[in-house]
Amino acid sequence: MMTADDDNDVRDHSATVSLSDENDGRLTVSISDAVSELETVKFTIQTKTALPSFSQHQMSVIRCHEEFIWLHDMLSENPEYAGYIIPPAPPKPDFEVARDKLTRVTAAENTMTEDEYKKLRKELESDYLALFKKTVAMHEIYLLRIAAHTKLREDSNFRVFLEYTKDLKVRSKNKKEIIGGFFKSMTKNVDEAMLSGQKEKDEFFIERKAFLEDYHNKIKETTKKSAALSTATNALSVDYMQVAGCLALLSTRDASLSRFMAQAAITFESLQKLQKRISTDEDLKLSDLFKYYQRETQAAKSLLYRRGRSLADKEIAEAKLETAQKKFKDIPTAEAYLEDCRIRFESISDMAKTELETFKNRRLETYRKHLVDMSELQIRHSQSIITELNKGLDLLKDL
């Protein structure tokens, strides 16, 4: 079992995603605690609100990941929100790899020295805790994005999610539902391909669609490269740890060099901790940022798909009206249907313009902040490494 007992770390990581300017403080949501069990993670969600649609001003509920997915599905399937960018669902918690590593280290305890075992186990526990806190933060970010949206935060299902104190009785999807979801996704992909040749007359949407297609492809590649960078940085910290272990072992083999080797081992242990910190910062400030905006860009593309589908429905309605007029049959019905399609299309278009502008401004603000933060961290880490190296060299000279 693992708990998120260091609230500050979770709060800091929540800054991964900048919120919209719509966040007026009338609804604040936070995850105050979380417990990792064998099959799931349970999140304690605290809510404070001044919105009249809520029955209470302060609430506290416990939710699992499946209930977050249920909320996302409810928002995504609501036709009233077709013109909005639905915040991407948080990724499913996956601690299997980290747990397997801890299990293997525990099983191999007898093959290592006590000091080696403690260091390695501490390192793995630190990785597990970082992953756990990241999971908590990504679920909190999802709620913060909804709470910052003036329309989505008034959704009845969102209120149930935050107010209803009992289990929502949401289960994981069974095989039939998974297969159904797969075919639904395939149908959507085919529909998107058919709509790709659609004649768009609005310059705003022509430009945004081209940009999002190009941007989504580039951010996918950037996400891969950022993950590779973080992995390489972490691998260097592992190398430092191995070097420190070898030096510590040599200090016990040669009495004439014992003090020198022991001090060098201490220096490399310090460097390993610093390098690990650099890897963590790269993961939080770059990799997580790119991963999130890869998902949110897909959500923006889904918005354009819904608008395209609405435009296609309007064009079909126009063709039906034309046919009805030629046959002098069912003209009022065809006119009413066309009017409904026209109103829906114009409504989605108006909302989409506002959403895409907000998405652009939020994205630029977030990237600017994170790149500045990352640059400052790199300078700070470089200074710490230089200081540690000079300190180690001075101590070695004095031996």
Side-chain angles (χ1 to χ4, degrees), residues 2-37 40-49 51 54 58-76 85-95 128-150 152-153 155 157-165 168 170 280-281 283-296 299 359 362-363 365-366 369-370 373:
M2 181 69 74
T3 61
D5 52 4
D6 191 343
D7 194 56
N8 290 328
D9 286 350
V10 175
R11 291 286 85 70
D12 290 345
H13 185 63
S14 295
T16 297
V17 180
S18 172
L19 296 180
S20 163
D21 292 336
E22 294 171 347
N23 189 9
D24 53 13
R26 298 184 69 195
L27 177 62
T28 58
V29 184
S30 64
I31 295 181
S32 61
D33 191 24
V35 178
S36 174
E37 298 180 351
T40 187
V41 177
K42 293 186 176 180
F43 307 91
T44 301
I45 302 169
Q46 304 285 349
T47 305
K48 294 182 180 180
T49 181
L51 295 175
F54 285 84
Q58 294 189 25
M59 296 153 281
S60 178
V61 295
I62 296 176
R63 296 284 177 255
C64 63
H65 174 75
E66 286 72 22
E67 290 167 322
F68 280 81
I69 299 302
W70 167 82
L71 175 60
H72 178 263
D73 289 344
M74 293 297 101
L75 295 176
S76 299
I85 296 176
I86 307 300
K92 183 178 179 179
D94 185 6
F95 304 111
Y128 184 88
L129 183 59
L131 178 60
F132 178 72
K133 289 179 177 177
K134 185 190 300 186
T135 298
V136 173
M138 293 309 294
H139 283 73
E140 183 177 73
I141 286 166
Y142 175 68
L143 297 179
L144 291 173
R145 285 281 289 107
I146 299 175
H149 198 288
T150 53
L152 297 180
R153 70 185 182 185
D155 180 77
N157 290 303
F158 187 48
R159 290 202 302 273
V160 169
F161 182 90
L162 296 178
E163 283 188 317
Y164 188 64
T165 56
L168 295 178
V170 176
T280 300
D281 286 338
D283 196 35
L284 297 180
K285 292 295 181 181
L286 293 180
S287 296
D288 282 357
L289 175 68
F290 297 141
K291 287 175 184 176
Y292 180 85
Y293 272 103
Q294 182 179 337
R295 296 198 304 274
E296 184 148 31
F359 172 62
R362 183 172 63 244
R363 187 181 70 251
E365 177 189 340
T366 304
K369 179 182 183 302
H370 276 258
D373 288 348

Participant: Can you tell if the side chain of Leu71 reaches within under 4.5 Å of the side chain of Ile146, non-hydrogen atoms only?
Facilitator: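 They are in contact (side-chain heavy atoms under 4.5 Å apart), so the answer is yes.
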Participant: Out of curiosity, Ile141 CD1 to Asp288 CG, how far, rounded to the nearest 0.5 Å?
Facilitator: 8.0 Å
Participant: Measure the spacing between CG of Leu143 and OG1 of Thr28 and express it to the nearest 0.5 Å.
Facilitator: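 With rounding to 0.5 Å, CG (Leu143) is 11.5 Å from OG1 (Thr28).
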Participant: Do Val136 and Phe43 touch side chain to side chain, with heavy atoms closer than 4.5 Å?
Facilitator: yes
Participant: Has Glu67 got a side-chain atom pairing as donor or acceptor with Cys64's backbone, closer than 3.5 angstrom?
Facilitator: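 Yes.
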Participant: Listed by chain and number, what are the side chain to side chain donor-acceptor pair (under 3.5 Å) partners of Gln46, not counting sequence neighbours?
Facilitator: Ser32, Ser60
Participant: Heavy atoms only: give me the nearest Tyr142-Pro87 pair and the separation to one decimal.
Facilitator: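 Taking every non-hydrogen atom into account, CE1-O, 3.4 Å.
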Participant: Phe161 versus Met74: any side-chain heavy-atom pair under 4.5 Å?
Facilitator: no
Participant: Do the numbers put Arg363 on top of the ring of Tyr293, so that NZ or CZ is under 6.0 Å from the six-membered ring centre and no more than 45° off the axis?
Facilitator: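 Cation-pi check for Arg363 and Tyr293: fails.
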Participant: Where the side chain of Thr49 meets the backbone of Arg26, is there a donor-acceptor pair that is under 3.5 Å apart?
Facilitator: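 Here the side-chain-to-backbone pair exists.
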Participant: Measuring only between side-chain heavy atoms, which start at C-beta, is His65 closer than 4.5 Å to Thr135?
Facilitator: no
Participant: Within the 4.5 Å heavy-atom criterion, are His139 and Arg63 side-chain neighbours or not?
Facilitator: no
Participant: So Asp283 and Lys134, side-chain contact (heavy atoms from CB on, under 4.5 Å) or not? Walk me through it.
Facilitator: CA-CA 10 Å; Asp283 196 35; Lys134 185 190 300 186; 2.4 Å; yes
Participant: Contact between Pro91 and Arg295 at the side-chain level, heavy atoms closer than 4.5 Å - yes or no?
Facilitator: yes
Participant: Measuring from atom NZ of Lys369 to atom NZ of Lys285, what distance do you get when rounded to the nearest 0.5 angstrom?
Facilitator: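 Atom-to-atom, Lys369:NZ and Lys285:NZ are 4.5 Å apart.
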